[in-house]
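Contents: one structure, followed by commentary.
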Amino acid sequence: QVQLVESGGGLVQAGDSLRLSCAASGRTFSTYAMGWFRRAPGKEREFVAAINWSGRTTYYPDSVKGRFTISRDNSKNTVYLQMNSLKPEDTAAYYCAAARTRALAYSAADFGSWGQGTQVTVSS
């Protein structure tokens, strides 16, 4: 089992940047891929970014591509989500998740451990 703790959320204005962090413990960090998801009030959970075990492969949906960057530091057991050019529609609770395997994953069903979430609010 993997324990995940997110941090870095907050209230920002449109156009600002934020960097979220997710610290992992439990299983050896380099043995699983990681992802970020978000959920806005009244909406379905949405995939935001994914990274494989080594950090060499990433994947984003069109809604954040070019604005968000996922990265990981296996020496620090931490995954990051750099969010630039934030928009009000990016407002949501953001969750990091640990995949069941090393390979890149982006379906929620492929992730076995989830953090408690960190709130990001973007004002217009």
Side-chain angles (χ1 to χ4, degrees):
Q1 190 65 295
V2 178
Q3 291 76 45
L4 302 169
V5 179
E6 302 98 333
S7 61
L11 172 63
V12 297
Q13 293 186 330
D16 285 351
S17 298
L18 270 179
R19 188 176 82 156
L20 306 183
S21 299
C22 173
S25 61
R27 282 168 51 201
T28 303
F29 189 61
S30 60
T31 63
Y32 49 90
M34 293 291 295
W36 286 94
F37 291 76
R38 66 187 181 188
R39 176 170 281 166
K43 294 190 176 182
E44 297 284 322
R45 179 171 51 192
E46 178 187 13
F47 164 72
V48 174
I51 190 166
N52 77 331
W53 70 275
S54 68
R56 295 192 187 99
T57 305
T58 58
Y59 180 69
Y60 308 91
D62 288 343
S63 58
V64 306
K65 193 177 296 182
R67 299 189 298 122
F68 289 12
T69 302
I70 187 172
S71 61
R72 66 189 293 160
D73 186 338
N74 286 350
S75 69
K76 295 182 178 179
N77 293 352
T78 301
V79 64
Y80 305 96
L81 184 68
Q82 177 67 43
M83 305 185 293
N84 298 331
S85 302
L86 282 162
K87 305 175 181 179
E89 51 262 45
D90 294 318
T91 295
Y94 283 71
Y95 301 86
C96 69
R100 304 179 196 278
T101 67
R102 291 186 171 195
L104 195 71
Y106 50 86
S107 170
D110 293 327
F111 292 83
S113 300
W114 296 80
Q116 83 289 348
T118 186
Q119 180 67 35
V120 172
T121 303
V122 185
S123 64
S124 57

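Both backbone and side-chain heavy atoms feed into the values below; hydrogens, waters and symmetry mates do not.
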Looking only at heavy atoms, what is the nearest atom pair of [X] and [Y], with distance?
X	Y	result
T57	L104	O-CD1, 3.6 Å
A108	R45	CB-NH2, 3.4 Å
P88	A14	CD-CB, 4.1 Å
V48	P61	O-CD, 3.0 Å
T118	G8	OG1-N, 4.2 Å
R72	N52	NH1-O, 2.9 Å

Within-4.5 Å side-chain heavy-atom neighbours: [X] and [Y]:
X	Y	result
I70	V79	yes
L20	E6	no
F29	V2	no
E89	S63	no
F111	F37	yes
T91	Q119	yes

Should the pair R39 and W114 be classed as cation-pi, given the thresholds of under 6.0 Å to the six-membered ring centre and 45° from the axis? no
Identify, with sequence neighbours excluded, every residue that meets side chain to side chain donor-acceptor pair (under 3.5 Å) alongside Q13. none
Partners of T31 by side chain to side chain donor-acceptor pair (under 3.5 Å), sequence neighbours excluded? none
For residues 48-70, which residue pairs pass the salt bridge (Lys or Arg N to Asp or Glu O under 4.0 Å) check, not counting sequence neighbours? D62-K65, R67-D90
Would you say Y59 ends up clustered with W53 if hydrophobic residues are merged whenever their side chains have heavy atoms under 4.5 Å apart, either directly or through other cluster members? no
Grouping I, L, V, M, F, W and Y whenever their side-chain heavy atoms are under 4.5 Å apart, do F47 and F68 come out in a common cluster? no
Greater than 12 external heavy atoms within 6.0 Å of E44's CD: no
Using the side chain to side chain contact (heavy atoms under 4.5 Å, CB included) rule, take L4 and M34 through it: C-alpha gap first, then chi angles, then the decisive distance, then the call. CA-CA 11 Å; L4 302 169; M34 293 291 295; 4.0 Å; yes
Mind jotting down which residue pairs meet the side-chain hydrogen bond (donor to acceptor under 3.5 Å, both in side chains) criterion with at least one end in residues 76-88? Sequence neighbours excluded, please. S17-N84, Q82-N84
Pairs in or reaching into residues 92-107: which pass side-chain hydrogen bond (donor to acceptor under 3.5 Å, both in side chains), with residues at least two apart or in two chains? R38-Y94
Selection residues 26-124 - residue pairs positive for disulfide bond (SG atoms under 2.5 Å apart), sequence neighbours left out: C22-C96
